[in-house]
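Remember, predicted model here, so these are calculated numbers, not experimental data. Every chain is numbered from 1, with letters handed out A, B, ... down the list of sequences.
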Amino acid sequence: MNYGISDNPRHVGLELGYLRTLQCVEATLDMDQKTLKKLVESISNTVKNFKKSEVECLIRLFHSLVERANVRLNNLGLDRNAFRAILHSVFGMTDDMLMNRVFFVFDKDHDNCINVKEWVKGLSVFLRGTFEEKLKFCFEVYYLNGDGYISREEIFDMLKNSLHQQSSEEENDEGIKELVDITLKKMDYDNDGKISFADFEKAVREERLLLEVFGPCLPETKIQCQ
Amino acid sequence: MLKNFSGKGEQTVLESISYTSDYEFSNGCRAPPWRQIHGEICYVLVKPHDVETLCITCSAEGVFLNGGKTDNEGEINYERKGEIYKDLVTFLKEKSAKFSENMSKQEKRFSDKKEKKEPTNEPPEKEEAAPVQKAITGSGKRTLEKNQINFGKSQMTKRLEPSLRWKATVRFKEYRSLLRDPQEEKHRRRPERSGPPVKPGRAQLVRKSTEKIEEIVSESSSESEEDEEPLDRQEANADLPSEYWQIQKLVKYLKGGNQTATVIALCSMKDFNLAQETCQLAIRDVGGLEVLINLLDTDEVKCKIGSLKILKEISHNPQIRRNIVDLGGLPVMVNTLDSPHKSLKCLAAETIANVAKFRRARQAVRRYGGITKLVALLHCGKSSAELAQSSLYDARDVEVARCGALALWSCSKSYTNKEAIRKAGGIPLLARLLKTSHENMLIPVVGTLQECASEENYRAAIKAERIIENLVKNLNSENEQLQEHCAMAIYQCAEDKETRDLVRLHGGLKRLASLLDNTDNKERLAAVTGAIWKCSISKENVTKFREYKAIETLVGLLTDQPEEVLVNVVGALGECCQDYENRVLVRKCGGIPPLVNLLVGVNQALLVNVTKAVGACAVEPESMMIIDRLDGVRLLWSLLKNPHPEVKASAAWALCPCIQNTKDAGEMVRSFVGGLELVVNLLKSDNKEVLASVCAAITNIAKDQENLAVITDRGVVPLLSKLANTNNDKLRRHLAEAISHCCMWGRNRVAFGEYKAVAPLVHYLKSDDPNVHRATAQALYQLSEDADNCVTIHENGAVKRRKMENLFENCHLCQRKVETHLRCVARSARDGSGSAAGVMPHGLHRWKCSVCTVTRRGSKDASSQ
């Protein structure tokens, strides 16, 4: 029996809660109705997890956020800082490094800016992703250099702050190193010293708790348990 | 510790030492909670030889003299009166010269052992870890003779042993004290106390008085088994397995890591073989249990899930269960049941199911409101199970309900919890869950019902909720475990006639009979035969069983089965053999030899049933011949010596038909050396059932003149007379019969009068039981042949004659007999004592009756005399 995090796609109450929070920020927005409709149509074709009305809502929200954040810049999208602020205030994430990484995963075209399509698409996984989608998302968050593997060094980086009350830095490093070893021993099934997607998938399928193994990168499970 | 050295003579260091309170909190302290905040651990009363009794406080800082016990209610004046010493020994050395002198002597004497003893002696806290010892009071024997000194010495060496063993386990000291706690707890559990006691002195008194009661009020059948489990383990293994160190490392991360590190550590801890005892104990020994339980208190769902997953596995170990309870794990788990997260609910319930395998844990679950919450989990499954059973979402709800039922199953082993479940409205929910088709759900549900059905309240509710129907339905399942529990539940419920009928109406009997064919699963077989036994108490069911050829199968099960099965099989046969056809059937199937063979067993329940079954068979003269040939009567007779009253009574009942149906019964009875004396002596028993059965046996024995002479010599008359003042109708009936038969010898009639048996006998006529009337009338008829008895009967009876006539309206035979009788008596009283004996028999000859054969025989005997 596996009691891992729910992969149940029907979190009805959940996103509504989030969206409501977001809507508070929403300003009345002048937007060309036609353009909006078109955009909703095109995005809805690619993103299956949201209803059209929800997509529309998210687009409006996006624009209001952009307007707020980028007074100085052109209305292109959300930059890293703005996005991090949202992650922090709305989704309760705290780890800077992980927030950066989440940003990079959202930012599919690597232009250091999240446009409206990336926004909706990213949120669809973030909020309503199936187990497989989340699996992929988390893995992408965790591997940084794009080689498709999570290396020992990367793990070390991510777990760096996971121990407290260690006295000296040396001791701390030693502890982290051991923790990395433990993790690799658990997850590196093919024993190549790094974690491939296959490794990751196998480990998480066996134990759902390992989905966010190197740090929280999804909305908190606390709220996810409806 | 120092208790070891107190007590007898001058050789000892102290006269006495004891705690002020026997109550010990779960943290090992004996001080009341409000003093514990000051770091105080316990209070000790010490009486050295040369100084007055000292009342000492042991605190974390050290040992000091306090204000002593105040008079009112044993309260202690907690004020510090003296300096603080580092330990009790130093303190006492300072206070009492005798102590320090003797202490140094002791130290010399045990110089080789001293080193081992000392370290454990130093900090006062460790006293808490000392094995519970009987208070050693030196007050009784304080003679200082030399030979006593030797005695004292050997005593002390002996007492030192526990403390030495202690040293070996000093590393496990903490756990030991935790382990020991349950023993302490046993005394502590009692209904009237809900919280920790406020006044230690009073608590002690309460404890003493309740202790005994507790022992008698044993809870449920399976309740106490596990509490008796040996707690001591071999803990001296020096080389620890590698898992130990790995687990220790992981626990370190649990303690010092953030959520991420904790989850990693939990996940890899789960990879160990947690079913293995080494791993379970390793987690405990490195302090992992505390951390795991603490994690349940956090907000991190993932950590909670991980922690519960581990706790669930390791709580299969009885020691770990105890530790979890001692560490206060249950309240946290009970709270987790409220979580909106279903996985968490399931895991918590499952873990509770594992932990609540012993009494104290079950009590804790109840105390923290767990029963209500668990019952609420059943609710959760209910709605979904009814709406739709297909979707994933519902499957989770069903899982929650299943786990809830599982936990309730564990909890339902104690009486109070059964009540709590009922009060929380659990029965209708269980009944509803019983209608689902999930096999793994049904097993715990039926299991719970089976446990609870031992209570009358439940059986009524089970009837009301129409549960029997579903039990029967599930009996048809393919799952053997489910079949077993259903059969067990039926066994429990079928005490009641209506239920037995329901089982028949729903077609359960056929299924039960067919389940007899599979004899591999002994537990199930025991449950099935048990259900058959109870069901066969109803005649209609017996007919059905015969139809289904169950009798033959049951006879086949009389050999090569474990005792649990045999008890039920024999019980069922005993019930079935009340029917003529079945008796013949049992004989034809060769059931009698194995039954007689079972008479030599030792199992009490089995013997009761076997004697009953043999007795039922003995009604048939042909069967009786077989029993006689196999020496069955002798075996039955020897069971009269069995220590259990139930067996005695059952054996005596069984002897009655044996004696009735044997040719030359008198000869046979005489052949048992000392047998008659044994029977007569059983009349001294204080068990009503034994007495009634023995009276019945005597009735039959007395039919033989020679035997009657023997039992008369053995003093049967005074013994029977002594029993006359009873108000138990069953006993009255058989006693009256026995008396009437015993009247046939010598001057027994007169003797009964002399021993004042007649007057009480007359009063039996006031009873409502017609059987008693018949037997009594018969006895009085016999007794009235003696003139003095007539007078007594007259005096006691004539006054109430009218009343008696009313009573006997429904009993034609008795009425006439008594009327005649009283008329005779009245006449005899008028005519004077001499003629009564002559008149009586002739008077009664006219009412020879075909119903009351005994009367006829009696009167014949009388006339032939």
| query | Hey, which of A:K185, A:M158, A:K186 has the most heavy atom pairs under 4.5 Å with chain B? | reply | A:K186
| task | Taking the side chain as every heavy atom from C-beta outward, state whether B:I283 and B:F272 have any atom pair closer than 4.5 Å. | result | no
| What part of A:L159 gets closer than 4.5 Å to chain B, counting heavy atoms only: side chain, backbone, both or neither? | side chain
| note | The interface call for B:L308 against chain A, heavy-atom contacts under 4.5 Å, is neither
| task | For residues B:R321 and B:P318, determine if any side-chain heavy atom of one lies less than 4.5 Å from a side-chain heavy atom of the other. | result | yes
| Counting heavy-atom pairs under 4.5 Å to chain A, which of B:S268, B:A265, B:C267 comes out on top? | B:C267
| Residues in side chain to side chain contact (heavy atoms under 4.5 Å, CB included) contact with A:D109, at least two apart in sequence or another chain | A:D107, A:D111, A:N115, A:E118
| Centres of the A:F137 and A:F126 rings: under 6.0 Å? | yes
